Amino acid sequence: MSVDPNPPASAPSDFIRDIVAADLAARRHTGIVTRFPPEPNGYLHIGHAKSICLNFGIARENHGRCNLRFDDTNPVKEDTEYVDSITADVRWLIAGWADHCLGFKAKGAKPAATTHEGRPDAHLPSLDPATLDARLAASPATAEPFFASDYFDQLYAYALALIRQGKAYVCDLSPEDTDLYRGAPDRPGRDSPWRNRSVEENLDLFRRMKAGEFPNGARSLRARIDMASPNVWLRDPLLYRIRHVPHHHAGAGWCIYPLYDYAHCLSDYLEGVTHSICTLEFVDHRPLYDWILSSLDLPRPLPHQYEFAKLTPGYTLVSKRKLLTLVNEKIVQGWDDPRLPTLSGLRRRGVPASALRRFVIGVGVTKFDSLTDIAVFEHTVRDELNQAAQRRLAVLRPLRLVLTNLAPGESVACLATNNPQDEHPSTRTVPLTREVFIESEDFAEVPPPKYFRLKPGGEVRLKYACIIRCEEVVKDAAGAVTEIRCTADLSTRAGEANADRKVKGTIHWVSATHGVDAEVRLYDRLFTVPEPAAVEDFLKVVNPKSLEVVNAKLEAALADARPGERYQFERLGYFTPDARDSRPGRTVFNRTLTLKDTWGK
RNA sequence: UGCCCGAUGGUGUAAUGGUAGCACAAACGACUCUGACUCGUUUUGUCUAGGUUCGAGUCCUAGUCGGGCAGCCA
């Protein structure tokens with residue numbers, strides 16, 4: 001026996017992981033199965049990332065699995081477009097981290113009738129995740145995520161069983177009357193007049209509901225629990241409603257659809273889920289989750305529900321409805337707009353999945369609703385990108401600068417470091433020419449205090465090149481600066497006699513003759529306040545400067561940058577080619593984040 | 001005036017009856033061919049009141065404050 005020389009650094013611990021560990025220690029389960037259960041009615045966002053990382057994280061720490069399951073019990077709001085985007089987003093987020101825990105099933109598979117310890121059962125475990133990748137690579141059409149709608153037959157059978165036990169009944173109350181009979185949180189409800197129908201009548205009516213004999217809303221199947229319960233979710237909650245609409249995954253065979261509370265716990269059971277982790281608003285539903293499962297004669301260990309506080313990051317929104325408003329009102333340009341906290345938006349913006357994971361894992365898991373400082377997220381992204389991003393020179397707002405002592409055709413080769421964070425950094429050559437562009441804010445005719453960039457008569461170093469002195473400022477008729485004329489001291493280049501001469505400022509630049517033009521999109525926070533969700537009209541606090549488009553000058557090496565690559569434009573920030581709008585020969589860059597700026601503006 | 005959940009620096013969290021720690025943020029300083037990175041220093045905290053205990057952020061009681069719950073949404 002040897003001790004692991006490299007135990008995982010600070011393995012995360014929280015109240016849910018403690019429960020999982022205790023369950024394992026007590027041998028309540030032989031393996032851990034979690035699930036991530038989105039409804040396919042919108043795009044995944046950073047809040048979902050926390051849930052994904054929690055569920056997949058627990059699976060990977062315990063050599064378990066996490067099933068991706070679509071909670072698709074309401075066909076009127078759902079669409080396969082979302083199934084596809086959600087599947088892609090999840091796989092992107094966990095790639096290289098928890099792929100080996102991803103629970104998928106064989107395409108078209110449904111729960112199989114089995115027996116467990118001599119008792120009848122139904123079960124749909126996941127495919128072995130270890131072979132899933134190979135399977136998907138060889139034949140993508142043979143595996144798919146789980147769908148609650150694949151359990152409709154089994155769920156129907158369970159409903160019949162509940163009816164036979166007198167634990168469910170068909171209710172003829174209209175939706176309005178159902179509301180009235182439910183009472184209020186501080187006032188008990190009243191029994192439905194249909195609560196005491198015979199088992200035979202309930203069976204007959206429920207079969208006829210399924211057969212399509214009744215219109216939408218005419219009847220429902222309800223659990224028979226307690227109309228006076230202080231917990232409103234126990235006041236004979238609906239199990240099935242009538243909806244004469246086809247289903248995007250299950251097809252046209254159904255006109256009754258189960259509700260969340262009924263479908264979710266049983267879906268967990270059918271898949272062999274051990275720990276069903278959801279957000280705080282479901283705490284009140286837990287007794288119902290347990291009631292349904294314990295009311296049926298289920299032979300395998302029952303899953304249990306645990307709740308945690310969802311992630312609420314500052315300066316943004318994570319409400320599907322409000323996100324949809326931003327998209328529909330054209331405040332942003334789609335679900336994958338880089339300003340949105342959607343996973344597709346963050347990906348397009350250039351945020352690495354690894355940084356997103358580190359962030360959502362780092363905020364911790366508690367039962368306390370909190371507002372997470374977006375600076376923590378930004379710090380995490382900068383930290384990852386600082387390590388990984390290649391450095392390049394780019395000028396966002398060009399100002400022409402002429403080096404008067406260089407000849408017009410002259411080109412001085414300068415060695416630039418690709419990434420100083422690398423242990424053995426590689427280099428590239430950038431050409432210094434008579435005319436270059438510098439950042440217009442790196443010159444000030446009347447410099448503010450402590451300004452150590454270029455000013456009349458002042459000196460500054462051109463990064464990777466040499467020290468220059470500002471000799472002359474050229475202006476147009478309106479008095480605006482159009483050109484700076486300087487002399488270059490080539491003896492201060494690396495390797496030359498005066499290479500070590502110090503000047504306070506170093507600025508970036510791009511050769512006017514070798515540089516290329518590019519559209520660069522400068523993104524900023526979408527909202528001007530830390531908690532836009534708390535504002536009456538969130539559209540009033542949209543940041544009018546959340547996107548600025550500039551025509552930038554880039555060093556030539558950037559001409560064939562590809563989507564997926566990430567760069568640091570020195571002294572400016574992190575940028576990535578836009579995957580949607582870039583064309584060969586015309587790369588569009590998105591700014592992921594600026595560099596931290598302790599000098600301020 | 002029902003039920004449920006919660007409360008630790010500015011923010012997010014850790015401490016599982018025994019030294020209140022970490023990260024971010026902020027401030028100052030060092031370094032610097034990125035005002036980045038890195039490094040150093042500093043500021044700020046257990047909601048209140050009782051109780052149990054040698055000892056309480058932790059356990060108990062009461063209160064205060066905050067959040068959730070009355071979809072045929074999830």
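Computed over heavy atoms, backbone and side chain alike; hydrogens, waters and symmetry mates excluded. Letters go in sequence order (proteins before strands), and every chain restarts at 1. Computed from a predicted model, the values in this text were never measured in an experiment.
The aromatic rings of Tyr43(A) and Trp335(A) lie parallel to each other, their planes meeting at an angle below 30°, with 60° marking the opposite boundary.
Between atom CG of residue Asp79(A) and atom NE2 of residue His249(A) there is a gap of 13.5 Å, rounded to the nearest 0.5 Å. For the atom pair CG of Leu239(A) and NZ of Lys167(A), the computed distance is 12.5 Å after rounding to the nearest 0.5 Å. Interatomic distance, Arg397(A) CZ to Leu522(A) CG, rounded to the nearest 0.5 Å: 6.0 Å.
Contact check, Ser13(A) against A14(B): no side-chain N or O comes under 4.0 Å of OP1 or OP2. Lys504(A) has no side-chain polar atom (N or O) that falls below the 4.0 Å cut-off from OP1 or OP2 of G35(B).
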In B/S/- notation, 5' to 3', how is nucleotides 36-43 of chain B contacted by protein heavy atoms closer than 4.0 Å? SS------

Sugar-phosphate or base contact per nucleotide [nucleotides 63-74 of chain B; S, B, -; heavy atom under 4.0 Å]: ----SBSBSBBB

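G57(B) sits 12 Å from U16(B) when the C1' atoms are compared, rounded to a whole Å. The same atom, P, is picked in C24(B) and in A20(B); the two are 23 Å apart, to the nearest Å. Nucleotides A56(B) and G51(B), compared at atom C1', are 11 Å apart to the nearest Å. Atom name P, nucleotides U44(B) and A7(B): the rounded distance is 25 Å, in whole Å. The separation of U8(B) from A14(B), taken at their C1' atoms, amounts to 10 Å, rounded to a whole angstrom. With both ends at atom C1', the span from G17(B) to G55(B) equals 8 Å, rounded to whole Å. Comparing C39(B) with C54(B), their C1' atoms sit 44 Å apart, to the nearest whole Å. On the C1' atoms, A15(B) is 15 Å away from G9(B), given to the nearest whole Å.
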Secondary-structure notation, RNA chain B, from Watson-Crick and G-U pairs under 3.5 angstrom (| other strand): .((((((..((((....[..)))).(((((.......)))))....(((((..]....))))))))))).....

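The listed nucleotides are A7(B), C24(B), G35(B); the one nearest the side chain of Ala375(A) is C24(B). When each of U34(B), U16(B), U1(B) is scored by its nearest atom to the side-chain atoms of Lys463(A), the top-ranked nucleotide is U34(B).
Scanning all heavy atoms of the two residues, the minimum distance from Phe575(A) to Arg591(A) falls at CE2-CB, 3.4 Å.
Stacking of Arg190(A) on the aromatic ring of Tyr181(A) is recorded, both the 6.0 Å distance cut-off and the 45° axial limit being met. Taking the ring centre of Tyr156(A) as origin, the terminal cationic atom of Lys210(A) falls inside the region bounded by 6.0 Å and 45° from the ring axis.
Listed by first and then second residue, the ring-ring contact (aromatic ring centres under 6.0 Å, His included) pairs that reach into residues 219-244 of chain A are Phe206(A)-Tyr240(A), Trp233(A)-His285(A), Tyr240(A)-Tyr262(A), sequence neighbours excluded.
Under the ring pair (Phe, Tyr, Trp, His ring centres under 6.0 Å) rule, Phe282(A) has a single partner from Tyr306(A), Tyr260(A), Tyr289(A), which is Tyr260(A). Residue Phe569(A) is tested with Leu393(A), Val395(A), Leu554(A) for a side chain to side chain contact (heavy atoms under 4.5 Å, CB included); the sole match is Leu554(A).
Contacts of Asp72(A) classified as side-chain hydrogen bond (donor to acceptor under 3.5 Å, both in side chains), with partners at least two apart in sequence or in another chain: Ser149(A).
Between Glu271(A) and Arg35(A) there is no salt bridge, since none of the side-chain N atoms of the basic residue sits less than 4.0 Å from a carboxylate O of the acidic one.
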Sort me out a list of protein N/O and nucleotides 27-30 of chain B N/O pairs below 3.5 Å, or just none if empty.
none

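Across the protein-nucleic acid pair, Ile374(A) atom CD1 and G12(B) atom C1' stand 12 Å apart, rounded to whole Å.
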